[in-house]
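Data first, discussion second: the structure below is written as structure tokens.
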Amino acid sequence: QAKRADNGQLVWYSPSMSRASRRRLDLLHDLESAIHRGQLTIHYQPQIALDSGEIVGVEALARWPQPDGSFIPPDRFIPLAEQSGLILDLGNWLVTQVCGQLSEWRALGLGALRMAINVSMVQFNHEGLIDLLADALQRHSLSASLIEVEITESVAMARPEEVMAKIARLKALGVSVAIDDFGTGFSSLAYLQKLHADRLKIDRAFIRDMGLSENPYSIAEMVINLGHKLGIKVLAEGVESPAQATLLRSLGCDEAQGFLFAKPAPPAPLTHWFLETGLKVAV
Ligand code: C2E
Ligand code: MG
Ligand code: MG
Ligand code: MG
């Protein structure tokens, strides 16, 4: 039986191939057809301004639905897509989808919502990223300021010169840039200042730890202060309790995202909720 390998070439199962690598090839093959048949979906998770409770944006999170109604989580299929190059097809599809969603929301009077998209190492370094975004925005007559590109701290730190140049091009287009999972990598502070990112997203590990140790909120507090000293907004990921939200607000954290406010949800119920209750939650 022929299967597509990581490099896109067809290979044959060999008897010596381990069960694990067969499973991986099967999964890769299924992922490829799911992407090309448009079978992936996107859930959206609201991002909230902590001072007002206003819903200011959403993060787009890819989902791979299974016949039994479950989802394969992105932590399982994104790395696979990344290693095989399929991530570029996935990214093309996702950008088209989110722009369609933004124009639907605009038509419903929900046109101010910012859309954050996750961009992996391969996608970020790919030459076509700027054109992909520019074309999709133009096709839907959307302002580039509605899009925020999230790259993880480790991607941001990997190739300083290229990353700075790419961020400058994104910002010239009008797209904003967030550093995701912040605090888990080892940022050079001098370099961080030169990146001109718009937002730091505090990794949820540091939010989870708030109030637990004798050093109750030191990392989150340090990131908030660091961001603000550098003129960068700060968003807390993974906020699950009212106590965390209260603490973050008292520390001056700008925005938050987490199960306390809303879990990632499919577009239809989310849109319904936005229209029913308005773009506001209790904080
Ligand atoms: P991320 O960008 O850091 O996304 C945040 C993750 O935290 C999401 O997991 C979200 O569902 C989860 N989360 C949000 N609030 C809470 C909370 O209060 N508690 C807990 N325990 N978790 C919370 P998800 O959707 O499984 O995504 C995992 C990662 O997969 C993302 O991390 C992102 O790095 C990646 N990813 C997802 N979609 C895409 C995509 O379209 N493209 C790329 N390149 N990566 C993606
Ligand atoms: Mg993210
Ligand atoms: Mg994150
Ligand atoms: Mg993450």
Side-chain angles (χ1 to χ4, degrees), residues 31 34-35 38-48 50 55 57-66 70-99 101 114-126 129 132-133 136 147-156 176-185 197-210 219-220 223 234-245 248 253 255-267 270 281:
L31 178 60
I35 291 170
Q39 290 169 343
L40 297 193
T41 60
I42 303 172
H43 287 184
Y44 297 92
Q45 186 179 34
Q47 300 180 326
I48 281 92
L50 273 174
I55 299 171
V58 297
E59 178 174 8
L61 296 158
R63 296 286 180 265
W64 183 6
Q66 298 300 297
S70 66
F71 296 96
I72 297 184
D75 287 337
R76 252 188 96 201
F77 69 83
I78 294 290
L80 201 61
E82 177 86 355
Q83 291 153 22
S84 63
L86 277 176
I87 195 74
L88 294 175
D89 293 348
L90 192 158
N92 286 345
W93 169 83
L94 184 122
V95 165
T96 305
Q97 292 294 117
V98 301
C99 286
Q101 189 59 63
R114 183 178 75 213
M115 175 70 73
I117 60 171
N118 292 284
V119 168
S120 68
M121 177 88 82
V122 169
Q123 296 174 281
F124 190 73
N125 291 333
H126 190 252
L129 178 66
L132 170 67
L133 291 169
I147 298 280
E148 181 154 285
V149 164
E150 295 191 0
I151 55 172
T152 62
E153 188 182 15
S154 46
V155 169
S176 59
V177 176
I179 311 296
D180 206 350
D181 303 346
F182 191 81
T184 57
D198 299 277
R199 205 173 318 282
L200 299 179
K201 297 189 73 176
I202 309 175
D203 191 78
R204 74 165 181 269
F206 305 115
I207 307 306
R208 192 184 52 216
D209 290 349
M210 277 195 325
I219 304 267
V223 173
V234 181
L235 179 149
E237 294 193 283
V239 176
E240 295 183 352
S241 74
Q244 290 166 343
L248 286 162
C253 189
E255 295 177 9
Q257 188 181 338
F259 295 170
L260 173 67
F261 305 111
K263 290 193 169 172
L270 194 66
V281 298

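Both ligands and their constituent atoms are indexed starting at 1 by order of listing.
- Of all the N, O or S atoms in Asp180, the one closest to the Mg ion (ligand 3) is OD1.
- Counting heavy atoms under 4.0 Å from ligand 1, residue Glu59 touches it through the side chain alone.
- The Mg ion (ligand 3) has an N, O or S atom of Glu237 inside 2.8 Å of it.
- Looking at Arg204 against ligand 1, only its side chain comes within 4.0 Å, counting heavy atoms.
- Contact annotation: Asp181 places no N, O or S atom under 2.8 Å from the Mg ion (ligand 2).
- Here Leu260 has no heavy atoms under 4.0 Å from ligand 1, in either its backbone or its side chain.
- Of the heavy atoms in Gln45, only side-chain atoms (C-beta onward) come closer than 4.0 Å to ligand 1.
- Partners of Phe124 under the ring-ring contact (aromatic ring centres under 6.0 Å, His included) rule, at least two apart in sequence or in another chain, do not exist in this structure.
- At a heavy-atom distance under 4.0 Å, only side-chain atoms of Arg63, from C-beta outward, approach ligand 1.
- Leu133 has its side chain within reach of Val149: a pair of non-hydrogen atoms, C-beta onward, lies under 4.5 Å apart.
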For Glu148 and Lys201, run salt bridge (charged side-chain N to carboxylate O under 4.0 Å, His left out): C-alpha distance rounded to whole Å, both residues' side-chain angles, the deciding distance at 0.1 Å, then the answer. CA-CA 12 Å; Glu148 181 154 285; Lys201 297 189 73 176; over 6 Å; no
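- By the 4.5 Å heavy-atom criterion applied to side chains, Trp64 and Ile35 are not counted as neighbours.
- Per-residue contacts place Pro74 under 4.0 angstrom from the following atoms of ligand 1 (heavy atoms of the residue considered): 24 (P), 25 (O), 26 (O), 27 (O), 28 (C), 30 (O), 36 (N), 37 (C).
- Looking at heavy atoms from C-beta onward, Ser154 lies out of side-chain contact with Asp181 at the 4.5 angstrom threshold.
- Each of Gln257, Glu59, Glu237 was evaluated against Gln45; a single residue qualifies, Gln257, per the side chain to side chain donor-acceptor pair (under 3.5 Å) test.
- Here is the list of ligand 1 atoms found below 4.0 Å of a heavy atom in Gly238: 16 (C), 17 (C), 18 (O).
- Note on ligand 1: His43 sits outside its first shell, no heavy atom being nearer than 4.0 Å.
- Between the Mg ion (ligand 2) and the N, O or S atoms of Glu150, the shortest distance is to OE1.
- Under 4.0 angstrom from ligand 1, the non-hydrogen atoms of Ile78 all belong to its side chain.
- Looking at Ala62 next to ligand 1, an N or O pair under 3.5 Å apart turns up.
- Residue-ligand proximity: Gln257 is placed with every non-hydrogen atom at 4.0 Å or more from ligand 1.
- Between Ile207 and Gly238 the shortest heavy-atom distance is CG2-O, 3.9 Å.
- Using a 4.5 Å heavy-atom cutoff, the side chains of Leu248 and Met210 are in contact.
- Here the CG-CZ distance, from Leu235 to Phe182, works out to 13.5 Å after rounding to the nearest 0.5 Å.
- If you look at Ile117 next to ligand 1, there are no close heavy atoms at all, none under 4.0 Å.
- Contact atoms of ligand 1 toward Leu94: 41 (O) (distance under 4.0 Å to a heavy atom of the residue).
- No side-chain donor from either of Gln123 and Asn118 sits under 3.5 Å from a side-chain acceptor of the other.
- Contact between Pro73 and ligand 1 is absent, with no heavy atom of the residue lying under 4.0 Å from the ligand.
- Side-chain contact check for Phe77 versus Leu86: every heavy-atom pair is 4.5 Å or farther apart.
- Rounded to 10°, the angle formed at the Mg ion (ligand 2) by Glu59 OE2 and Asn118 OD1 is 90°.
- Interface of Glu237 with ligand 1, defined as ligand atoms under 4.0 Å from a residue heavy atom, comprises 3 (O), 5 (C).
- Between Asp209 and Ile219, the closest side-chain pair of non-hydrogen atoms is not below 4.5 Å.
- Residue Asp181 has at least one heavy-atom neighbour below 4.0 Å for each of these atoms of ligand 1: 3 (O).
- Between Pro264 and ligand 1, no pair of N/O atoms sits closer than 3.5 Å.
- Numbered from 1 in the order shown, with element, the atoms of ligand 1 that lie under 4.0 Å from a heavy atom of Glu240 read 17 (C), 18 (O), 19 (N), 20 (C), 21 (N).
- Proximity of Asp180 to ligand 1, defined as any heavy-atom pair under 4.0 Å, is confined to the side chain (atoms from C-beta onward).
- Close approach of ligand 1 to Gly258 is summarised as follows: ligand atoms under 4.0 Å from at least one heavy atom of the residue are 15 (N), 18 (O).
- Near Ser120, meaning under 4.0 Å from any of its heavy atoms, are these atoms of ligand 1: 44 (N).
- By the 4.5 Å heavy-atom criterion applied to side chains, Asp180 and Val155 are not counted as neighbours.
- A donor-acceptor contact closer than 3.5 angstrom is absent between the side chains of Gln47 and Glu255.
- Residues satisfying the side chain to side chain contact (heavy atoms under 4.5 Å, CB included) criterion with Pro79, sequence neighbours excluded, are Gln83.
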